[in-house]
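In what follows, a structure is listed as C-alpha cells, so that the remarks can point back to it.
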Amino acid sequence: MNTRELQQAYADKPPVTLEPSLTIGLVYNAAVKELVRRKRLVFLGMAVVFPLVLTIIWRVYGTKQISPTEFFANIGGLVYLKALVYLVSLFFGVPTIHDEVEGRTITYLFTRPLSRGAVYAGRLLAVQSISALVLTASLAVCFLLMVVGNSQAINLDFVEVYTNYFLVILLAVFCYTAIFAFMGTVFKRPLIWGILYIFAWESTVSVAPMRLQMWTLEWHLRNLIVSRQDVQASLTDFVRGLLSVEYSLPLWGSLFILLAVVTLFTFLGGLIFGRKEYVIN
Amino acid sequence: MIQAPPTAPPDTSLVVLKTQNLSRWYGQVIGVNDLTVDVSPGVTGLLGLNGAGKSTLFKLMAGQLKPSAGVVRVCGHDLAHHRGLYRLIGFLAEPDALYESMTGREMLVYLTRLQGFTKDEANERTQRALQRTHLLEAADRRVKGYSKGMRQKIKLAQALAHDPQILFLDEPFNGMDPVSRKESMDLIKELGAEGKTVMVSSHILHEVEAMTSRILLIHRGQILADGDIGEIRDAIERHPHRIEVHCESPRALATEFIALKDVQGLRVSSEHSLLLESDLPREVYRMLPEFALRPEMGVRSWTTLDDNLKSLFEYLVEDGR
C-alpha cells in the first residue's frame, strides 16, 4: 500500500492500538528477560540466602531448643516479612517504569501503537513474578533444609504454618511492588520515598497506638497469619504489649484490603503512566 | 521568512504530516514557536544549529511531547488521540538509549512485535532491517558491546523494520564513520524514493544536501526557510561572500584584486593572509587558481568563511529584519 492509499484507508478510521493482552504478554516477556540479566538479581539473590544460613545454624545447633514450627514462624515473620519482602519489593518495584525512563528506552515503547496502561501492567507483572520467584525459591530451599533428614519436622502444624507464611509473603510482595512501582512512576526520587514509606510509615505506624496501626499493610499481613502466638517477641511486639490495645479485623477483611491496595495502586500507576509526559533529553 | 516552492518529492500533492501553530515552551524557554508546516512524501531535511529546536519539533511530531499550543496531524488525525497511528511512524530519537542486555536481533524482534507483527513476520522484518542497515554480522551480539556507529544503525533499523510510511530521524549520523554515513544516507534516499515521508535532522548542511534538496531551516524554534536548498543558497548569494586567502604576499595579491569591480572589500588580516569580500565570488574563485600559479604571490590555500550553517542563519535572520 502506498502513502496515498494508506491515507485514504485511514481517512475516517485511523489504525487501532495493539490488543492489551498481547501488549502485556510481549512487554512481560521482555521485562522478565531483562530483569534476569540484571546485577540487581544477584544482589537480592545473596540477600535471600540469609534465612537459609539461619536455617542451617538451626539444623546444626537449635533443633532441640526450638521446634520446627516455632522456628519457621519466627523466620517467616521477622526475616521474610519484616526485611526481605521490603528489600525485594523495593529494589524490583521502584524501577518498574523508572528503569525505562532513566535508560531513556521509554521512547521505543511510546512510539509503538500500544496502550500505556498495558505496558505498565506488563512490566509490573514481570517485576512481581521475579520478586515472587526470588522469595519463593528461598522459602522452598528453607523448607527443604528444614525437613530433609528431619522427619520430626513434618507434621500438620508445621505444614500449616509454612503454607500460611508462604501465601502471606506472596501477597505481601504483590502489594508492596504495586506501591513501589507506583512511586517509581510518580516521584523523581522514588527510592527515597520508598525507604521513607518503609521506615516512617510501615515500621513506625504499625506500632502506633489506637486504630492508626490498621492503616499499615504490615498490620493486615500479620492479621492473615494464623499462628501469630508462635512469633518471638520483637521490638514491635514489645511496644504493642506496652500499649496493650489489640484491634481485630476478620481475616477476609484484611485480605480484601490488601487486594484492594494492589488493584488501586496498579490502576493509579497505569493511569498516571498513561497521562504523564516524560521529557527525555 | 523565505518561502520557496518545494522540489518534487514522490507525491507532493499529499500532505502526510501537518503542524498548525505548533508551540512548545519549557517554562520561560521557547522550544518551538508557532510553527505551521506541511510535510509531503520524500526526504525533507530539518536543518538547524544545536539548540535550534529540531529535537523538540521531532518529539512533538512523534507525539513524545504535548504541544503548549497548536496541533500535529498525521494523515489528518491528531496523534495524541490515535495511538494506533504509530503503526505508520518510525522514530529515531537522538539520545543514545538502547536495551543494553539484549542482542541487536532480540531488540529489533521485540520492538517489531510491538508493532503488531507475529513472531515469524517480526523475524523476517528484523532480518531485512539488519540487511538494509548493514548490521547482520553484529546482530547476535549484545547491544552494550556495540560501537557508537553500530548503535546509531540499530536505532535506524528499529525505526524502519515495520516499514513505516513516516520516518523521523533525529541526527541519525552522529558517531558514524564515513562509510556508514554514506550507506545510511543512501538508505534514506532510497526510502524517500520509495515514497516514504522521511524527515531527517542535522546541523551539517552538506549532509542534508547529499540526501535532499527540500529543507526546513529552523532557528530559535521558528521556521526560517522552507523550500528548495537552491533557493536558499540564492538568498545567500545576495550577501557579500568572505574569502580568506593564505599567501606569502597578501599586499601584492590585494593589488591584483583591487581592480576587480566585484570585490567590495580587502583587508590584510595577518602577515600571511588576505580577507576578501565579494558580491560575485565566482569571479574571485575563477581568478584564485591563476594567482596560485604565480610563484611571487605564494598562494597556499583559500577558505570560504561563509560556507557554513551558522553564516547561513545569520544571513537569513538579517533578511527577516
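In the text below, chain A, chain B and the rest are named by the order of the sequence lines, each starting its count at 1.
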Quiz item: chain B heavy atoms under 4.5 Å from Glu100(A): which part of the residue, side chain, backbone, both or neither?
Solution: side chain

Quiz item: For the candidates Leu109(A), Ile106(A), Thr23(A), which exhibits the highest count of non-hydrogen atom pairs separated by less than 4.5 Å from chain B?
Solution: Leu109(A)

Practice problem: Tabulate, in ascending numerical order, the residues of residues 110-119 of chain A having at least one heavy atom closer than 4.5 Å to a heavy atom of chain B, or enter 'none'. | Solution: Phe110(A), Thr111(A), Arg112(A), Pro113(A), Leu114(A), Arg116(A)

Quiz prompt | Neighbour count above 12 (heavy atom, 6.0 Å) for Tyr278(A) OH | solution = yes

Self-check item: Greater than 12 external heavy atoms within 6.0 Å of Gln131(B)'s CD
Solution: yes

Quiz item: Under 4.5 Å, heavy atom to heavy atom, which residues of residues 96-106 of chain B contact chain A?
Solution: Asp96(B), Ala97(B), Leu98(B), Tyr99(B), Ser101(B), Met102(B), Glu106(B)

Practice problem: Inspect the surroundings of NZ in Lys189(B) and state if more than 12 heavy atoms from other residues, nucleotides or ligands are less than 6.0 Å away. | Solution: yes

Quiz item: How would you list, in number order, the residues of residues 107-129 of chain B that have a heavy atom less than 4.5 Å from chain A?
Solution: Met107(B), Tyr110(B), Leu111(B), Arg113(B), Leu114(B), Gln115(B), Gly116(B)

Practice problem: Give a yes or no on this: more than 12 heavy atoms of other residues, nucleotides or ligands lie within 6.0 Å of atom OH of Tyr26(B). | Solution: yes

Quiz item: Taking atom CZ of Arg220(B) as the centre, does the number of heavy atoms from other residues, nucleotides or ligands within less than 6.0 Å exceed 12?
Solution: no

Exercise. Determine which residues belonging to residues 152-161 of chain B lie within contact range of chain A, meaning some heavy atom pair is under 4.5 Å apart, and list them by number or answer 'none'.
Key: Lys155(B), Gln158(B)

Quiz item: Counting N and O atoms only, with roles assigned by atom type, does the side chain of Gln64(B) sit under 3.5 Å from a partner on the main chain of Val279(A), one being a donor and the other an acceptor?
Solution: no

